[in-house]
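Written below as structure tokens is the structure these notes are about.
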Amino acid sequence: MTVWVEVDLCNGCKRCVKTCPYGAVEVVDGKAHILENCTSCGACIPVCKQHAMKTDVEPRKIPDFSDRKGVWVFAEQRDGVLTPVSLELLGKARDLAGDLGQDVSAVLLGYKVSDLCDRLGEYGADNVYLVEHRALKNYRTIAYAKAVEELVKSFKPNILLMGATHIGRDLAPRVSRRVGVGLTADCTELSIDPEEKILLQTRPAFGGNVMATIANRYSRPQMATVRPGVMEANRQAGKKARIIKQKISLTEKEIGTKVLEVVREKKKGVKLDQAKVIIAGGRGVGSQEEMKALFSLAETLEGEVAGTRIIVEEGWLPVERQVGQTGQTVRPELYIACGISGAIQHRAGMLGSRYVIAINNDERAPIFGVADWGVVGDLHEVVPALTKKIKASKKK
Ligand SMILES: Cc1cc2nc3c(=O)[nH]c(=O)nc-3n(C[C@H](O)[C@H](O)[C@H](O)COP(=O)(O)OP(=O)(O)OC[C@H]3O[C@@H](n4cnc5c(N)ncnc54)[C@H](O)[C@@H]3O)c2cc1C
């Protein structure tokens, strides 16, 4: 596989030099030359207006996926209770399926869990692929991976989504390996390309400094995981799903692991993902002592206090109160950002908030770009004044 230059056609414009990601093209005496470090990636070929760049690499053919239909969601349940992210994903799956003109299906694995099918129907599933087996009672990697693999190979879905929970993060790569496809983990946005009708999977990349959109043209199903709290669940009371029961043969020997006891660690602390009001602080608050004003406002509004990674690192708040790419994803009715600049990694965790109020003394702070209301001012004056006003209005 090589790339070469038809020197007679080359006009030395240097487009290929600028495009080559490996610095493997140079122009000498007005003609392009390919250097030894060329990887034959082909990036220079479409940019050459003279058609002087040639290759013997055959363009990769996109297989025929016309038999791949449906948007599937892995309906994760623990002890017969569906995880909220499964319902959120069904909401997103409905939008995607609408754009594709296809069905939404939930994949429900477990033991004596059929009563969950109605709920899956109400949250958007047209079909539920139900696999019940004693060996699927508690999550075990091999057993669940085998069950999903068999379903995928038999029914050929177009898209398969899972929650980026502990279970989803374990199961999704296993399944993707078994069915021979790629996987985009921790997506923050999913949509359908209107022309190619493929899944566009957006997630933070390069340490969260850019958002990358990944598309998979060459294999099916297109697989992605999404963190809890990012998508929105939609319930349509009374909507029923068609139940498709599947049998599976599973032996303890092939599973290889045994659950001796399930020990649940009681989760301490706050449930930011369920808070209706969040008062969030950033470095602009100044110190742990000055966080008290935010707690006071939160108490007045019956909300929770959260913060940026910086203030967690400073020790002003515990880590379970961090919002953002490496913290929690929240979607309260009201998010009040106090002394927060609005870095992309922070915004990734709070963009689902219904209303955002930003208080910042720098009118150019990026947080104002995502706020519904902005107060340009010193938070040490604005926050106590706001608390006082709300308290007074409550007394009336
Ligand atoms: C891989 C990676 C992951 C990350 N994950 C996260 C994450 O999950 N969550 C997160 O939050 N960050 C995360 N970060 C860090 C992120 O990039 C930012 O550094 C951080 O969000 C900035 O925090 P801040 O807004 O508190 O501080 P700053 O950016 O320093 O902003 C402070 C703001 O306060 C304002 N201010 C100062 N004094 C006052 C005052 N008296 N009144 C009003 N306003 C005032 C300033 O104008 C400024 O806008 C991550 C970074 C990386 C590289």
Side-chain angles (χ1 to χ4, degrees), residues 1-69 71 96 99-102 152 156-161 172-173 176-225 325 344-345 348 366 369:
M1 293 192 304
T2 37
V3 174
W4 69 91
V5 184
E6 290 282 346
V7 263
D8 293 345
L9 298 176
C10 177
N11 64 359
C13 72
K14 293 191 181 163
R15 272 202 192 86
C16 48
V17 177
K18 288 181 198 143
T19 307
C20 178
Y22 302 98
V25 195
E26 65 178 11
V27 171
V28 180
D29 297 334
K31 300 286 177 191
H33 290 266
I34 308 289
L35 304 178
E36 266 184 9
N37 55 332
C38 171
T39 63
S40 302
C41 74
C44 56
I45 292 164
V47 297
C48 179
K49 297 216 164 147
Q50 302 300 115
H51 304 291
M53 289 293 180
K54 303 288 179 192
T55 180
D56 56 5
V57 180
E58 286 281 316
R60 199 171 162 194
K61 280 209 178 80
I62 299 176
D64 175 14
F65 291 123
S66 50
D67 61 335
R68 298 290 177 150
K69 295 235 158 49
V71 182
L96 301 174
D99 290 346
L100 291 166
Q102 297 182 358
V152 167
K156 302 185 174 15
N158 184 9
I159 293 172
L160 171 56
L161 308 176
S176 77
R177 168 73 183 80
R178 280 171 177 245
V179 299
V181 302
L183 167 71
T184 310
D186 279 1
C187 294
T188 53
E189 177 51 26
L190 299 171
S191 61
I192 300 294
D193 181 279
E195 275 168 26
E196 290 191 66
K197 297 285 178 197
I198 53 175
L199 182 66
L200 302 178
Q201 308 154 62
T202 303
R203 55 152 296 151
F206 297 111
N209 290 316
V210 291
M211 298 302 277
T213 297
I214 294 151
N216 171 8
R217 290 190 176 82
Y218 301 103
S219 56
R220 295 290 181 274
Q222 301 159 87
M223 277 190 73
T225 63
Q325 185 193 320
I344 186 170
Q345 297 88 355

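Numbering of residues begins at 1 and proceeds along the displayed sequence.
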Applying side-chain hydrogen bond (donor to acceptor under 3.5 Å, both in side chains), can you list everything that pairs with Asn216, at least two apart in sequence or on another chain? Ser219
Would Gln325 and Thr188 satisfy side-chain contact (heavy atoms from CB on, under 4.5 Å), going step by step from the backbone distance to the final call? CA-CA 10 Å; Gln325 185 193 320; Thr188 53; over 6 Å; no
Asp67: what forms a side-chain hydrogen bond (donor to acceptor under 3.5 Å, both in side chains) with it, not counting sequence neighbours? none
Are Arg220 and Asn158 close enough that some pair of their side-chain heavy atoms sits under 4.5 Å apart? yes
Across all chains, not counting sequence neighbours, the side-chain hydrogen bond (donor to acceptor under 3.5 Å, both in side chains) partners of Glu26 are none
Does atom OH (Tyr218) have a neighbourhood of more than 12 heavy atoms from anything else shown, all under 6.0 Å? yes
How long is the span from the CD1 atom in Ile62 to the CG atom in Asp64, to the nearest 0.5 Å? 11.0 Å
Please assess Val25 against Met53 for the test side-chain contact (heavy atoms from CB on, under 4.5 Å), listing each intermediate value before the final yes or no. CA-CA 11 Å; Val25 195; Met53 289 293 180; 4.1 Å; yes
Report yes if some heavy atom in the side chain of Pro157 is under 4.5 Å from a heavy atom in the side chain of Pro221; otherwise report no. yes
Considering non-hydrogen atoms only, spot the tightest contact between Ala43 and Pro21 and give its length. CB-CD, 4.0 Å
Would you compute the distance between atom CG of Leu160 and atom CE of Met223 and round it to the nearest 0.5 angstrom? 4.5 Å
Looking only at heavy atoms, which two atoms of Ser40 and Val3 are closest? And how far apart? CA-CG2, 3.8 Å
Contacts of type side-chain hydrogen bond (donor to acceptor under 3.5 Å, both in side chains), residue Arg15, not counting sequence neighbours: none
Asn37, CG atom: more than 12 neighbouring heavy atoms under 6.0 Å: yes
Just checking Lys14: does its NZ atom have more than 12 heavy atoms from other residues, nucleotides or ligands closer to it than 6.0 angstrom? no
How long is the span from the OH atom in Tyr22 to the SG atom in Cys44, to the nearest 0.5 Å? 11.5 Å
Could you walk me through whether Leu96 and Leu161 satisfy the side-chain contact (heavy atoms from CB on, under 4.5 Å) test, starting with their C-alpha distance in whole Å, then the side-chain angles of each, then the deciding distance to 0.1 Å, before giving a yes or no? CA-CA 11 Å; Leu96 301 174; Leu161 308 176; 4.2 Å; yes
When rounded to the nearest 0.5 angstrom, what is the spacing between NZ in Lys156 and OG in Ser66? 11.5 Å
So, taking the atom named CD in Gln222 and the one named CZ in Arg68, what distance separates them when rounded to the nearest 0.5 Å? 10.5 Å
Straight-line distance of Ile159 CD1 to Leu190 CG, nearest 0.5 Å: 8.0 Å
If you look only at distance, which donor and acceptor atoms sit under 3.5 Å apart when one is on a side chain in residues 198-205 and the other is two or more places apart or in another chain?
residue: Gln201; atom: OE1; partner: Thr184; partner atom: OG1; Å: 2.6
residue: Thr202; atom: OG1; partner: Thr213; partner atom: OG1; Å: 3.0
residue: Arg203; atom: NH1; partner: Ala185; partner atom: O; Å: 2.8

Qualifying salt bridge (Lys or Arg N to Asp or Glu O under 4.0 Å) pairs, either residue in residues 177-190, two or more places apart: Lys92-Glu189, Glu149-Arg178, Arg169-Asp186
Taking all atoms of both residues into account, what is the closest heavy-atom pair of Ala52 and Leu9, and its distance? CB-CB, 3.7 Å
If I compare all heavy atoms of Leu183 with all of Pro173, which pair ends up nearest, and what's the gap? CD2-N, 3.6 Å
Of all the heavy-atom pairs spanning Arg217 and Phe65, show the shortest one and how long it is. O-CE1, 3.4 Å
At their closest point, which heavy atom of Ile192 faces which heavy atom of Lys197, and how far apart are they? CG2-CA, 3.8 Å
Working note: Arg60 + Glu58, criterion side-chain contact (heavy atoms from CB on, under 4.5 Å); need CA distance, chi angles, decisive distance, verdict. CA-CA 6 Å; Arg60 199 171 162 194; Glu58 286 281 316; over 6 Å; no
